[in-house]
Q: 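Attaching a single structure in structure tokens format; questions to follow.
Note that these values count all heavy atoms, side chains included, but never hydrogens, waters or copies made by symmetry. We count ligands from 1, going down the list as the structure has it; atoms in each ligand are counted the same way.
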Amino acid sequence: MRMGEMCPMKRIFGPIINGTDAEARVKPSNDMPGIPQETIDRVLDSTNIVELIGSFVALKKIGQNFQGLCPFHDDKTPSFSVSPEKKIFRCFGCGASGNAITFLRRHKNLPFPEAVRFLAGKARIPMDTEEDKKRERQLFCLAKSQEEFATQLHSGTYRSPVNYLTERGIKPDTQEEFGLGYAGSVKDLITALKTSGVKEKEIPIGAGVLKEKNQGLTCPFMGRIIFPLMDPKGTTIGFGGRAIDTSTQAKYINSSDSPIFSKRRVLFGLKQFRRSNDMVLVVEGYFDVLTLHQAGFKNTVGLLGTEISVEQMRILENLARNA
Ligand SMILES: [Zn+2]
């Protein structure tokens, strides 16, 4: 008999779906001073419960759900089930059930705020500390910089990057989908940031887009085609830059490592990745990704080089597992 027949998922998740299982719900916010309900909801929405529980319990996909041995009782048959769709778990043997926060509280013996903080950290959701606020401002700077780089690419002022992309066969639709840009003018970039409300003293902290030099500001990406590097949710966390004139500059550079950006933790094309054929295509560079996407292989991501990090392997594992 297959496991799916032993524990029909409809039966297991029935009570929770119907909303009668109190444990599966988050308690009202007034029980948890200091953490807004909105933050808790965001944390739960952003958490991949299968990945979280799967890091503690071996899970196997059965139909729409995942099953394993229950960590909360002496389980001999897999009676513990996780629903990625409902973002909940439930044990058919001992009745343990709940969401990602409930699981962490029980499994790691964490107080509620610590469990939320742990998940918020994984999902990179700010908890309103000074550090979180700084991070939010940096992400805002990055988003506005990306907009300005795209504006400069399509402004008509700079022919060489447009010609270069055309020569490489990158269609306008693809350029737009991946948010490509061009760093042509530091002055225009600073003006755009100021216009969008970034304060003068915050500009240099824009996660490496601008740096202070000789009492002025400089952008390390000048003269380069810009490839936004995003997390899977589509938030821009850094940039890659391809020099047009490679006689005087390194061909490729990317944002330096910071609390926001780590080259070890990024793949190009994560936002645009689409599942297909139970397969993830892994290539080396930006243009490989763009070209394959154009050819219909939307399940392609780029390593930004010839080496692969442990962190990138984990991201790929996730993509492959869900492919
Ligand atoms: Zn159990």
Q: Only pairs under 3.5 Å count here: list side-chain donor-acceptor contacts from residues 249-259, not counting sequence neighbours, and write none if there are none.
A:
| from | atom 1 | to | atom 2 | distance (Å) |
| --- | --- | --- | --- | --- |
| S255 | OG | F239 | N | 2.8 |
| S255 | OG | F239 | O | 3.4 |
| D257 | OD1 | K263 | N | 3.2 |
| S258 | OG | I260 | N | 3.1 |
| S258 | OG | F261 | N | 3.0 |

Q: According to the interplanar angle, ranging from 0 to 90°, do the rings of H107 and F72 count as parallel (below 30°), tilted (30 to 60°) or perpendicular (above 60°)?
A: perpendicular
Q: Taking only residues two or more places apart in sequence, or in another chain, which ones meet Y164 in a ring pair (Phe, Tyr, Trp, His ring centres under 6.0 Å)?
A: F287
Q: Which donor-acceptor pairs under 3.5 Å do side chains of residues 177-188 form with protein atoms, sequence neighbours excluded?
A:
| from | atom 1 | to | atom 2 | distance (Å) |
| --- | --- | --- | --- | --- |
| S185 | OG | K187 | N | 3.4 |
| S185 | OG | D188 | N | 2.9 |

Q: Shared ILVMFWY cluster between F89 and L69, side chains joined below 4.5 angstrom?
A: no
Q: Show all protein N/O/S atoms under 2.8 Å from the Zn ion (ligand 1), or state that there are none.
A: C70 SG, H73 ND1, C91 SG, C94 SG
Q: Other residues, nucleotides and ligands only: do more than 12 of their heavy atoms fall within 6.0 Å of CD on E311?
A: yes
